2 protein chains.
Amino acid sequence: MHLCHEHEVCVETALATADQICEERGVRFTDIRRRVLELVWENHGSAKAYDLLERLGGEYSAKPPTVYRALEFLQENGLVHKINSLNAYVGCSHPLQHKDCFFLICSRCNEVQECCTEPVANAVWQMAAKRHFKPRHTTLEIEGQCQQCQVQN
Amino acid sequence: MHLCHEHEVCVETALATADQICEERGVRFTDIRRRVLELVWENHGSAKAYDLLERLGGEYSAKPPTVYRALEFLQENGLVHKINSLNAYVGCSHPLQHKDCFFLICSRCNEVQECCTEPVANAVWQMAAKRHFKPRHTTLEIEGQCQQCQVQN
DNA sequence: TCGAAAGGGTTACATTATAACATTACTTGC
DNA sequence: GCAAGTAATGTTATAATGTAACCCTTTCGA
């Protein structure tokens with residue numbers, strides 16, 4: 001995982017945005033939910049549910065449902081995404097700003113970049129339309145190697 | 001799941017193609033592998049590993065590794081794909097003819113269509129290139145409703 | 001025909017996720 | 001403020017998915 005300038009800023013921003021979104025939506029951003037989101041954001045990789053559970057330690061007498069419920073809430077409110085190909089979760093880097101987004105997953109450093117570029121979404125929509133298929137949700141996960149890792153190899 | 005004209009033809013074709021591919025590649029298309037592929041092809045939906053296991057019944061004294069090994073072999077040789085968002089497997093409808101393919105998954109009838117249109121793959125590659133990301137494998141799964149199901153609703 | 005390599009049987013276990021029900025905490029209308 | 005309803009969490013148990021490891025059998029090539 002490559003360093004960002006000051007990762008605390010990422011975390012703080014994510015939490016602040018989450019606060020705001022939950023307030024707007026009239027949903028409760030409880031301590032557990034906040035803490036899980038914070039843990040998900042500990043770095044720019046993806047986090048496994050049971051790792052989060054372990055990192056929660058004794059806090060909140062956490063057990064699997066504790067974590068899965070928090071993750072479910074965070075997903076419903078667009079604050080985290082599940083990476084199906086990894087069974088893992090990442091913080092959403094620009095909540096509310098997109099419908100279809102996708103992920104560049106570096107298998108060397110584990111960093112996950114979230115992208116929402118139009119052309120890809122458009123190509124998908126057009127292809128689906130051609131087959132008269134009505135898309136509801138798109139999962140697009142691209143595994144490979146990020147720029148820095150290619151250099152460092 | 002919508003009927004195809006004569007589904008036995010699909011199955012026979014898939015098995016015959018698999019025979020041929022395995023022969024060309026010098027890999028062994030054993031009874032178990034063939035039987036698992038046949039079960040995967042029982043319809044045009046996706047099949048869960050433990051369902052396959054159950055459908056194998058007593059045959060081959062099947063246990064989880066039996067099925068997972070067969071599925072691994074079939075995936076390696078491009079004969080089935082895993083649908084990550086469902087933890088399930090589908091037969092590949094045109095083995096060897098593609099690198100990047102993707103799936104239209106109807107959540108009403110469970111049918112999975114496999115697609116390999118250029119424009120989507122291109123859009124993905126361009127987007128990745130822009131970020132200097134080197135893709136190795138792409139997972140694209142589109143959940144929604146197929147044409148027939150939209151009509152029938 | 002022998003030895004290496006691939007395939008498969010078997011057991012056990014690891015990982016991921018959820019059901020179901022009890023309890024606590026919030027919130028809303030009075 | 002308080003009762004009643006709803007949302008959130010605690011807790012236990014278990015379901016669903018997937019793999020490690022070890023050993024035996026089959027196949028294939030020298």
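Keep in mind the model is a prediction, meaning the values are calculated, not measured. Sequence lines set the chain letters: A, B, ... in the order given, protein chains first and strands last, and positions in each chain run from 1.
Interface residues of residues 65-80 of chain A facing DNA chain C, ordered by number: A:P65, A:Y68, A:R69; criterion, heavy-atom separation under 4.0 Å.
Note on B:N87: a side-chain N or O is less than 4.0 Å away from OP1 or OP2 of D:dG18. Applying the 4.0 Å criterion to OP1 and OP2 of C:dT16, one finds that A:K48 has a side-chain N or O inside that range. OP1 or OP2 of C:dT10 sits under 4.0 Å from a side-chain N or O of B:K63.
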Tell me, with the steps shown, if B:L104 and B:C115 meet side-chain contact (heavy atoms from CB on, under 4.5 Å). CA-CA 8 Å; B:L104 299 178; B:C115 314; 3.9 Å; yes
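For B:S61, the side-chain atoms get nearest to C:dT10 when compared with the rest of D:dG18, C:dT10, D:dT12. Across D:dG18, D:dT27, C:dT27, the shortest atom-to-atom separation from the side chain of B:R28 is found for D:dT27.
Positionally, the nearest nucleotide of DNA chain D for A:D31 lies more toward the 5' end than for the other of A:D31 and B:A49.
A:N84 has its CG atom 16 Å from the C1' atom of C:dT15, to the nearest Å. Distance CG (A:L53) to C1' (C:dA17): 12 Å, rounded to an integer number of Å. The CZ atom of B:R34 sits 18 Å away from the C1' atom of C:dG8 (whole-angstrom rounding). Taking atom CZ of A:F29 as the reference point, atom C1' of D:dA8 lies 15 Å away to the nearest angstrom. Following rounding to the nearest Å, B:L56 (CG) and C:dT10 (C1') show an atom-to-atom distance of 16 Å. For the pair A:D51 CG and C:dA14 P, the computed distance is 16 Å after rounding to whole Å. In this structure, CG of B:L86 is placed 14 Å from P of C:dA17, rounded to the nearest angstrom.
The list of ring pair (Phe, Tyr, Trp, His ring centres under 6.0 Å) pairs with a residue in residues 111-153 of chain B, not counting sequence neighbours, is empty.
Among the heavy atoms of the strands lying under 4.0 Å from A:Y89 are primed sugar atoms or P, OP1, OP2 only; no base atom is included.
In this structure, the ring pair (Phe, Tyr, Trp, His ring centres under 6.0 Å) partners of A:H94, at least two apart in sequence or on a different chain, are A:H98. Not a single side-chain hydrogen bond (donor to acceptor under 3.5 Å, both in side chains) links A:T30 to another residue, sequence neighbours left out.
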Can you list, pair by pair, the side-chain donor-acceptor contacts under 3.5 Å of residues 43-53 of chain A, counting residues two or more places apart and other chains?
unit_1, atom_1, unit_2, atom_2, d
A:N43, OD1, A:G45, N, 2.7
A:H44, NE2, A:H7, ND1, 3.2
A:K48, NZ, A:L86, O, 2.8

Got a list of side-chain donor-acceptor pairs under 3.5 Å for residues 67-80 of chain B, not counting sequence neighbours?
unit_1, atom_1, unit_2, atom_2, d
B:N77, OD1, B:R25, NH1, 2.9
B:N77, ND2, B:F73, O, 2.9

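A stacked arrangement is assigned to B:Y50 and the six-membered base ring of D:dT17, with a centre-to-centre distance below 5.5 Å and an interplanar angle below 30°.
Residues A:H81 and A:F103 bring their aromatic ring centres within 6.0 Å.
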